[in-house]
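Everything below concerns the one structure shown next.
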There are 2 protein chains.
Amino acid sequence: MPRPTIQDVARAAGVSKSTVSRVLNGVEDYVDANTRRQVEKAIAELEYRPNALARSLITKRSLAVGLLISDVANAFYHPVIHGVEQIAIEAGYDTFLCNTNYEVERGLHFIRSLMSKNVDGVLIMSSSVSDEWIAELARHNVPTVALDWKPNISEGPLGVIAVDFAAGIQQAVEHLVNLGHCRFVHVAGPLNLPTSLLRYEAFLRALAWHDIPAADVALLEGNLQFEGGQRVLTRLLELSPRPTAVFAANDLTALGLISGARERGLRIPDDLSVVGLDDIALADQSSPPLTTIRLPKLEIGRSAMQMLLTLMHSDGAACPVHEALVKSSFVERQSTAAPRS
Amino acid sequence: MPRPTIQDVARAAGVSKSTVSRVLNGVEDYVDANTRRQVEKAIAELEYRPNALARSLITKRSLAVGLLISDVANAFYHPVIHGVEQIAIEAGYDTFLCNTNYEVERGLHFIRSLMSKNVDGVLIMSSSVSDEWIAELARHNVPTVALDWKPNISEGPLGVIAVDFAAGIQQAVEHLVNLGHCRFVHVAGPLNLPTSLLRYEAFLRALAWHDIPAADVALLEGNLQFEGGQRVLTRLLELSPRPTAVFAANDLTALGLISGARERGLRIPDDLSVVGLDDIALADQSSPPLTTIRLPKLEIGRSAMQMLLTLMHSDGAACPVHEALVKSSFVERQSTAAPRS
DNA sequence: GCCTGCTCTGGGAGCGGTTTCAGAAACCGC
DNA sequence: GCGGTTTCTGAAACCGCTCCCAGAGCAGGC
């Protein structure tokens, strides 16, 4: 048998559906205590649960938000997801998690799908973002919060969680320089992503501060994934002169590099010092435990969702782009050491 | 401005909304080639996208399914999720991923939420399932596929992906016995879960086959998570006589055991042989690489979604519970060795 | 006794789509 | 030229809910 509707409840309680709706939404609205009890009884007996679709069709709010990430398998996202869910559940929102699989096209597909489902807001945590996504959302006035993305758009209910990589990178560089390293390589994320360049530049700036010229810093392109790190190690070994320290755009890449190094018989950190970025849960379980730059992942998720809530509730009021800044910090473990020579 | 509706498109194209609806659904329905072109033009110009809510309110299908898992951070689920998504996207379905966080209550919350959103089906991959969930779904006739769960319910559109643990466990036991082990311990999942007992019993059976009595097999309870493995190691060390080989209910537990062992200065595999179950991606990156029993995770995801599609399409036809069996297999790595004595 | 105001309830329009039904127009064979 | 198909289109009902509006009943003030 099909689910009971509000009409069925009304019939069972001997009232009109308007009245049922009133007790359902339980606002400060006149409804007699007796009637209320009757309706509640009918609801319980029929195990009635309102149809969220019909409801949000008319109210224009779905109590749901979309969360776009690159890939669930990327451990960086796990605390982020938890953070988002903590705040979301607390506020009565559901989250739709979407794996873009690092593909811009697929992300767009999800954004359209989410919009057609009338989500109240969207969180974009995927590393490969496209301006087109944001534009599509802004055009239709969907509150949006993006992680680590400088939007070209200034209109629309848009928030940004900016990451201050500089502080952590600065400390990491200091650590490496103190150990005696002078030939560096950075394994970046896809170079078409603004964030990839930002991290690279922050690295260069920190090195320049220690009088190490950009010419002594090689740049290789990875894909932010484990196997990308494994693959790129081959190219790293072909560099001449051979770098003694590598800074990877994220921990997954760093762990891939370590794995690739082990396969080729290299010893970490003796033959090569490796620094990651993110501080995923695996980082201190790997061998050797990974020296890395920590991002406050849970906080990123929490404050992103918090910001989205603000955006969604202050609706209409054309506000400037919201922005929050989160800090990075350095974590020393055992994947870095003084160079051998 | 708000999203355009079908009415706007109709106006722009100079037709009625019935006609727009017809070209939208593009079925074998009479609509003049010229009118069709005009409507399509209007759709493109307005960037019209149908409201999925309104649509599914009347059609009773949402082209969406729910996917319940215990925790995104559990790597076992990553290939499963990928598998589900592969098939789902192909068939035009969206998936709503829900983290039950190993909590039965939270799972029920999600199931209700999914049902109120009119999902067409639900996949239950969460390890902590409750019969109440399945009952709730069955009562409302929602097609459901569960992983590794013997349902008490025989009515309703229900499918089950059963895992044949026996084969893999058998091989693992053979491996351990051949190495010379004779004192075993099993670290199970929560003992209120049927699947925990099934794995334990399969382990006992395999050992009995080699004339090892159940009395020589200790049982400890974990929680299927990493830190559960770490914690339980303390209790493992208190066992007397000290076991030489441990079989964990899943890889996460096994890795937690290894981590706990390292902290206490134990050497794996010399002081203790460890066998996991799942073969998650981490398993061959850990140190030492984990000997484990592989589950075909991608296939589990794919065939679960495939089965769900079948269930959803053969709607109404009261069929018996569908069932598919997937096999497990043994993977030897370096966390097992002959006992020292 | 009448008006005002407050409390409570039901009717009904409408959210944005789909689908049934009926009717208009064109075509066809005789 | 006329009945009968076939092709095309629009009107209207409906999905399950919310919410506006009007009205009923009752208390209180004059």
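The shown structure was predicted, so the numbers you read here are calculated from the model rather than taken from an experiment. Sequence lines set the chain letters: A, B, ... in the order given, protein chains first and strands last, and positions in each chain run from 1.
Neither OP1 nor OP2 of dT18(D) sits under 4.0 Å from any side-chain N or O of K60(A). Under 4.0 angstrom from either OP1 or OP2 of dT7(D) there lies at least one side-chain N or O belonging to Y30(B).
Look at CG on D32(B): it is 18 Å from P on dT6(D), rounded to the nearest Å. Rounded to an integer number of Å, the gap from L24(A) CG to dG16(D) P is 15 Å. Atom C1' of nucleotide dG16(D) and atom CG of N51(B) are separated by 14 Å, given to the nearest angstrom. Put simply, CG on L53(A) is 13 Å from P on dT18(D), counting in whole angstrom units. Remark: C1' of dG16(D) and CG of D8(A) are 10 Å apart, rounded to the nearest angstrom. Separating the CD atom of Q7(A) from the C1' atom of dC15(D) is a distance of 12 Å, rounded to the nearest angstrom.
Checking T195(A), L158(A), I134(A) one by one against W149(A), the side-chain contact (heavy atoms from CB on, under 4.5 Å) holds for a single residue, I134(A). Only one option out of T100(A), N99(A), N101(A) pairs with S126(A) in a side-chain hydrogen bond (donor to acceptor under 3.5 Å, both in side chains); it is T100(A).
For the helix from dG1(C)-dC30(D) to dC30(C)-dG1(D), the terminal axes (five pairs an end, C1' atoms, rotation from four pairs onto the next four) enclose an angle of 60°, given to 10 degrees.
As judged by a 4.0 angstrom heavy-atom cut-off over every strand, S18(B) is placed among the base-contacting residues. The residue S21(B) sits close to a base: some heavy atom pair falls under 4.0 Å. S56(B) comes within 4.0 angstrom of nothing in the nucleic acid, heavy atoms only.
Contacts between chain A and DNA chain C, taken as any atom within less than 4.0 angstrom of a protein heavy atom, begin and end at dT7(C) to dG16(C).
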Between D94(B) and S113(A), does the side chain to side chain donor-acceptor pair (under 3.5 Å) criterion hold? Intermediate values first, please. CA-CA 8 Å; D94(B) 282 337; S113(A) 165; 2.4 Å; yes

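Summary of the strand contacts: K17(B) and G14(B) both lie near DNA chain D, and taking for each the nucleotide with the nearest heavy atom, the more 5' one is attributed to G14(B).
Here D71(A) contributes atom CG and Y77(A) contributes atom OH; the two are 8.5 Å apart, rounded to the nearest 0.5 Å.
Taking all atoms of both residues into account, the shortest heavy-atom contact from R3(B) to N118(A) is NH1-OD1, 3.3 Å. Between A304(A) and M125(A), the shortest heavy-atom contact is CB-CE, 3.3 Å. The shortest non-hydrogen separation linking I300(A) to I161(A) is CG2-CG2, 4.5 Å.
Aromatic ring orientation, Y93(B) versus H313(B): tilted (interplanar angle from 30° to 60°).
Panel note: side chain T19(B), backbone V15(B); no donor-acceptor pair is recorded below 3.5 Å.
For a distance-only test at 3.5 Å, the side chain of R22(B) qualifies as a donor-acceptor partner of the base of dG10(D).
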